[in-house]
Number of protein chains: 2
Amino acid sequence: MSTTLTEENYLKAIYHISQQSKSEVSTNAIAERIDAKASSVTDMLKKLADKSLITYVKYKGVTLTETGRLTAVDIIRKHRLWEVFLVEKLNFSWDEVHDVAEQLEHIKSPKLIAEIDAFLGFPTQDPHGDPIPDKFGNIQQTNKIILSKADVGQVYTCVGVLDSSSEFLKYLDKHQIGIGTELKVVDKEEFDQSLTIEIASNSLVMSKAITTNIYVKKI
Amino acid sequence: MSTTLTEENYLKAIYHISQQSKSEVSTNAIAERIDAKASSVTDMLKKLADKSLITYVKYKGVTLTETGRLTAVDIIRKHRLWEVFLVEKLNFSWDEVHDVAEQLEHIKSPKLIAEIDAFLGFPTQDPHGDPIPDKFGNIQQTNKIILSKADVGQVYTCVGVLDSSSEFLKYLDKHQIGIGTELKVVDKEEFDQSLTIEIASNSLVMSKAITTNIYVKKI
DNA sequence: CTAAATTTTTAGGCTAATCTAAAATTATAT
DNA sequence: ATATAATTTTAGATTAGCCTAAAAATTTAG
Ligand SMILES: [Mn+2]
Ligand SMILES: [Mn+2]
Ligand SMILES: [Mn+2]
Ligand SMILES: [Mn+2]
């Protein structure tokens with residue numbers, strides 16, 4: 001059975017929320033993410049349940065069925081492959097790709113995405129460091145940690161971002177931080193949780209709002 | 001003002017029909033092309049007229065306004081650039097590209113299409129020999145003729161097709177005919193208008209149904 | 001353990017895009 | 001010139017996706 005663009009966006013939202021919370025996904029959480037009213041979400045949840053893409057129990061929240069999960073992951077795969085394409089082949093910067101990928105991810109053509117994948121040399125990560133699911137829906141997870149929980153005195157590599165908004169990515173660009181950049185945590189201010197970071201011999205103070213949006217890995 | 005996918009498809013249909021007939025475009029002609037009922041077309045025509053994309057007089061048919069024409073040509077530009085991309089970069093054959101391009105042509109991102117254009121080296125023709133409008137909406141027309149009107153004894157180059165359906169293109173593939181192929185019109189059977197064609201020293205009889213769908217140019 | 005707050009669902013309505021059936025208009029053929 | 005045929009438009013429904021307001025269910029606080 002085929003899915004509409006709107007249904008696909010709901011499945012993706014449910015998938016992403018479930019990645020964070022691990023439990024049933026609530027109507028309100030979906031409404032917030034989709035930017036729709038809870039009543040609209042309820043309507044759609046009934047439809048998705050009818051299509052066996054989610055299991056839905058009134059007042060109790062939803063979980064993706066295996067079919068629903070595979071559908072969501074396939075959309076995410078397409079989104080991330082398109083983002084790589086835009087950056088690698090079309091001179092887009094990492095803060096420009098998301099909105100276009102939101103449109104491109106809904107293009108229906110298995111051959112297209114298989115060829116794009118090959119054309120890009122089967123990339124495993126998107127421009128924001130997020131893993132690209134393989135065509136079977138398997139996702140390779142790396143053992144990254146959030147910068148705010150890093151140890152003082154330790155050196156890390158930036159491996160991803162939590163917030164992929166243009167505004168945040170431009171902040172990182174300004175301070176020459178990207179995927180692969182080495183960061184040394186020099187000091188932590190306990191009062192506001194801000195970190196002093198050393199990047200290529202330059203010192204930079206990052207507020208908690210910043211450090212909770214950067215993924216790093218011990219070198 | 002932004003256009004919906006459906007509105008864009010109507011504008012494209014009106015544009016293509018007006019290319020053939022040169023006069024006002026009728027409701028029924030649009031209905032047939034869009035594969036919708038005439039009443040649905042009437043509804044949409046009112047909407048497009050409200051948006052000043054067409055001039056519409058009840059019972060008299062429609063014409064595109066300058067804005068409408070530019071919108072239609074921009075969609076066609078995107079369609080044809082995507083077709084080139086699919087063939088040149090992603091190993092699609094010319095009979096596989098149309099349906100995917102029908103989806104891709106509606107992606108809204110000026111940067112994306114500008115970059116694709118540059119990435120492809122600013123092509124002027126799509127895989128079916130159709131001209132690619134430039135970013136200002138100008139279309140370079142070539143002086144092609146339809147093969148059925150060609151002269152016996154004359155040699156031609158295939159420069160395009162009228163029917164881009166997968167079925168017709170596969171027929172051409174089977175007989176090793178493509179854009180650039182040399183064809184010599186050896187004979188014409190007056191009874192059924194069929195032509196005997198010589199291609200690379202092989203002889204082939206083409207019915208009128210075939211010859212009215214191939215564009216050629218005198219060598 | 002109840003009362004208040006919060007969350008979720010239901011009820012009813014709206015718009016875009018489609019449809020069928022019937023009415024209105026225009027074209028065609030004696 | 002008029003009757004018939006064809007085309008086009010109107011009228012009234014339907015479906016997807018969204019909304020607001022109110023009701024119902026669940027959670028939280030005292
Ligand atoms: Mn993205
Ligand atoms: Mn991304
Ligand atoms: Mn095409
Ligand atoms: Mn084409």
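First the proteins, then the strands, lettered A, B, ... as listed; each starts at 1.
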Undergrad: Are any of the side-chain nitrogens in Lys170(A) or Glu167(A) under 4.0 Å away from the carboxylate oxygens of its partner?
TA: no
Undergrad: Would you find a donor on one side and an acceptor on the other, under 3.5 Å apart, between the side chain of Tyr156(B) and the backbone of Asp151(B)?
TA: yes
Undergrad: Heavy-atom nearest nucleotide on DNA chain D for Leu5(A) versus Lys37(A): which residue maps closer to 5'?
TA: Leu5(A)
Undergrad: Which whole-number value in Å describes the distance from Leu45(A) CG to dC18(D) P?
TA: 12 Å
Undergrad: Could you check whether Thr42(A) gets within reach of a base, just the sugar-phosphate, or nothing at all, counting any heavy atom under 4.0 Å?
TA: base
Undergrad: From the options dC19(C), dT9(C), dT7(C), select the nucleotide whose nearest atom is closest to the side chain of Asn28(A).
TA: dT7(C)
Undergrad: For the pair made of CD in Glu24(A) and C1' in dT7(C), what is the distance, rounded to whole Å?
TA: 15 Å
Undergrad: Considering just the side-chain nitrogens and oxygens of Tyr56(B), establish if one lies under 4.0 Å of OP1 or OP2 belonging to dT8(D).
TA: no
Undergrad: Need one value for Ala38(A): base, sugar-phosphate or nothing, where a base atom within 4.0 Å counts as base even if backbone is also close, heavy atoms only.
TA: base
Undergrad: Report which part of the nucleic acid Ser40(A) touches: base, sugar-phosphate, or nothing (heavy-atom distance under 4.0 Å, all strands).
TA: base
Undergrad: From the options dC18(D), dT18(C), dT26(D), select the nucleotide whose nearest atom is closest to the side chain of Tyr59(A).
TA: dT26(D)
Undergrad: According to a strict under-4.0 Å criterion, is Lys46(A) in side-chain N/O contact with OP1 or OP2 of dT10(C)?
TA: yes
Undergrad: Using the six-membered ring wherever Trp is involved, compare the ring planes of Trp82(A) and Phe85(A) and label them parallel, tilted or perpendicular (cut-offs 30° and 60°).
TA: perpendicular
Undergrad: Between atom OH in Tyr10(A) and atom C1' in dA16(D), what is the gap in whole Å?
TA: 11 Å
Undergrad: For the side chain of Ser39(A) and the base of dT8(C), is some donor closer than 3.5 Å to an acceptor across the two?
TA: no
Undergrad: Could you tell me whether Lys111(B) sits above the aromatic face of Phe92(A), with NZ or CZ closer than 6.0 angstrom to the six-membered ring centre and within 45 degrees of the axis?
TA: yes
Undergrad: Which of these nucleotides, dT18(C), dT9(D), dT8(D), is closest to any side-chain atom of Lys58(B)?
TA: dT9(D)
Undergrad: Backbone N or O of Gly137(B) within a donor-acceptor pair of the Arg77(B) side chain at under 3.5 Å?
TA: no
Undergrad: Tell me the interatomic distance from Lys60(B), atom NZ, to dT25(C), atom P, rounded to whole angstroms.
TA: 12 Å
Undergrad: Can you tell me how far P of dT20(D) sits from CG of Asp43(A), to the nearest Å?
TA: 13 Å
Undergrad: Can you tell me the distance, in whole Å, between the CD atom of Glu32(B) and the P atom of dA6(D)?
TA: 15 Å
Undergrad: Can you measure Ile30(A) atom CD1 to dT8(C) atom P for me and round it to whole angstrom units?
TA: 9 Å
Undergrad: At less than 4.0 Å, is any side-chain N or O atom of Thr27(B) found next to OP1 or OP2 of dT9(D)? Yes or no.
TA: yes
